[in-house]
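Contents: one structure, followed by commentary.
First listed ligand is number 1; within each ligand, the first listed atom is number 1.
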Amino acid sequence: MKRFYTLILIFAVTSVLAQPMKYGAEPLHIASKKVWNKQVRPAVMSFFQNEVYGKVPPVQPKVSFRLIGEGEAFGGKVWRREVEMTIGTSKALVLMYLPSERKGRVPAFVGMNFKGNHQIATDPEITISPNAPKGKELGSDPERGAAASRWPVEMICGAGYAVVTLYRGDIDPDFDDGFRNGIHPHFYAEGQTKPHADEWGTIGAWAWSLSRVMDYLEQDKDIDHKKVAVVGHSRLGKTALWAGAQDERFAIVISNDSGCGGAALSMRKHGETVEAINRNFPHWFCDNYNRYSGNEEALWIDQQGLIALIAPRPVYVASASLDDWADPEGEYLSALYASPVYELYGKRGLSTTTQPKIGEMDADGWVAYHLRKGAHDITAWDWERYIRFADRHFGR
Ligand code: GTR
């Protein structure tokens, strides 16, 4: 009998020890790289997959790519290429701009856009997606180039990079329709009508599609697919972080003003809260994420865990001074709290321990941060810094 109780005791103690500790919003001091890789990282990944963004369902549709056109743009300085991606019966248009004068393969920045590929530049040849919002005056394309300030194509291509983008609405329109439109239905098992509580929402699907774009880039003879940075602003910054966390082919990950559910720590409850984001955007995360609405303390780990999943690949977190809703300080702290994981790999994280001031940056290590002066946006000022960061890490 005594032996029986001893065995029970040993079992209880070992199962408690086997339970990974709860992290909350704190610096991730992990005992060793081995402990991180073997125990903690898989647990962090599974937390974000099951409780936050949701898992990609096991049923997978066929994905294929087709070149639909190419030609000169920007007065010949840039080469446009358009590729149609077919996912089940859904179509998404991938727009690429490459530097015309290129010697061999070029590195690339890949990210989704908000309102359609045709809004990123005035280029009249960009194919307008049937899913994109239409211009007010039919036929005059008034919306072409409306988001050009967010996509300084000439500057990026001038620095020797390709720009690769697709419209979020081609993958899943950004409203709650119970997942009837977009790509989700192609992943339903027989009889399934919506994702399970631990299966992906819209951000998960957007992130998955960025990995499919990466599949294409691996085949494109003009792209150096070992040097692809994934980038996104705001909800698409959350998407870039989640894509980069899951897919190690993204060599650099850039989060611009991603805020709640992105880089910002949720437990601070500063600006947008988990309750607000789940109420206003019930389709973004998996249903399990509702457990944390008004209950952030219950999160097993905060968003610094998402950034740590990217280690040891370089990550850049950026904020804007007037963007209180995205909690700039919470975005900074997340980057700071993920830094010890980078150090396990011998890579320097952030150098500062207090948030850089407006217009300043901490971008000499593998984890970078800046606070731009101004509103919630992505601007040429941000891009200049992303290019510099990529130049350094890509040895350019
Ligand atoms: C806001 C939302 C944020 C952020 C932003 C955006 O309405 O509350 O989480 O993602 O939209 O995407 O611009």
Does Asp377 reach the main-chain N or O of Thr379 with its side chain, forming a donor-acceptor pair under 3.5 Å? no
Going by heavy atoms, is His233 under 4.0 Å from ligand 1? no
Geometric class of the Phe74/Tyr97 ring pair [parallel <30°, tilted 30-60°, perpendicular >60°]: perpendicular
Under 4.0 Å from one or more heavy atoms of His376, ligand 1 contributes atoms 5 (C), 6 (C), 13 (O)
Could you say whether the N/O atoms of Lys238 and ligand 1 ever approach to under 3.5 Å? yes
May I ask you to list the atoms of ligand 1 that are less than 4.0 angstrom from any heavy atom of Trp325? 2 (C), 8 (O)
Should the pair Tyr316 and His370 be assigned to parallel (<30°), tilted (30 to 60°) or perpendicular (>60°) ring geometry? perpendicular
Any donor-acceptor pair under 3.5 Å from Gln355 side chain to Thr352 backbone: no
May I ask you to list the atoms of ligand 1 that are less than 4.0 angstrom from any heavy atom of Phe281? 2 (C), 7 (O), 8 (O)
Which of Ile252, Ile254, Ile156 passes side chain to side chain contact (heavy atoms under 4.5 Å, CB included) with Tyr386? It is Ile254
Considering only protein heavy atoms, which is closest to atom 8 (O) of ligand 1, and at what distance to one decimal place? Glu272 OE2, 2.6 Å
Option with minimal heavy-atom separation from atom 6 (C) of ligand 1, where the choices are Gly271, Ser234, Gly232: Ser234
If I compare all heavy atoms of Leu309 with all of Ala245, which pair ends up nearest, and what's the gap? CB-CB, 3.8 Å
Please determine whether residues Met267 and Tyr23 belong to a single hydrophobic cluster, defined as Ile, Leu, Val, Met, Phe, Trp and Tyr linked transitively by side-chain heavy-atom distances below 4.5 Å. yes
Closest to atom 1 (C) of ligand 1 among protein heavy atoms sits Arg235 NH2, 3.9 Å
Polar-atom distance check: Trp284 versus ligand 1, any N or O pair below 3.5 Å? no
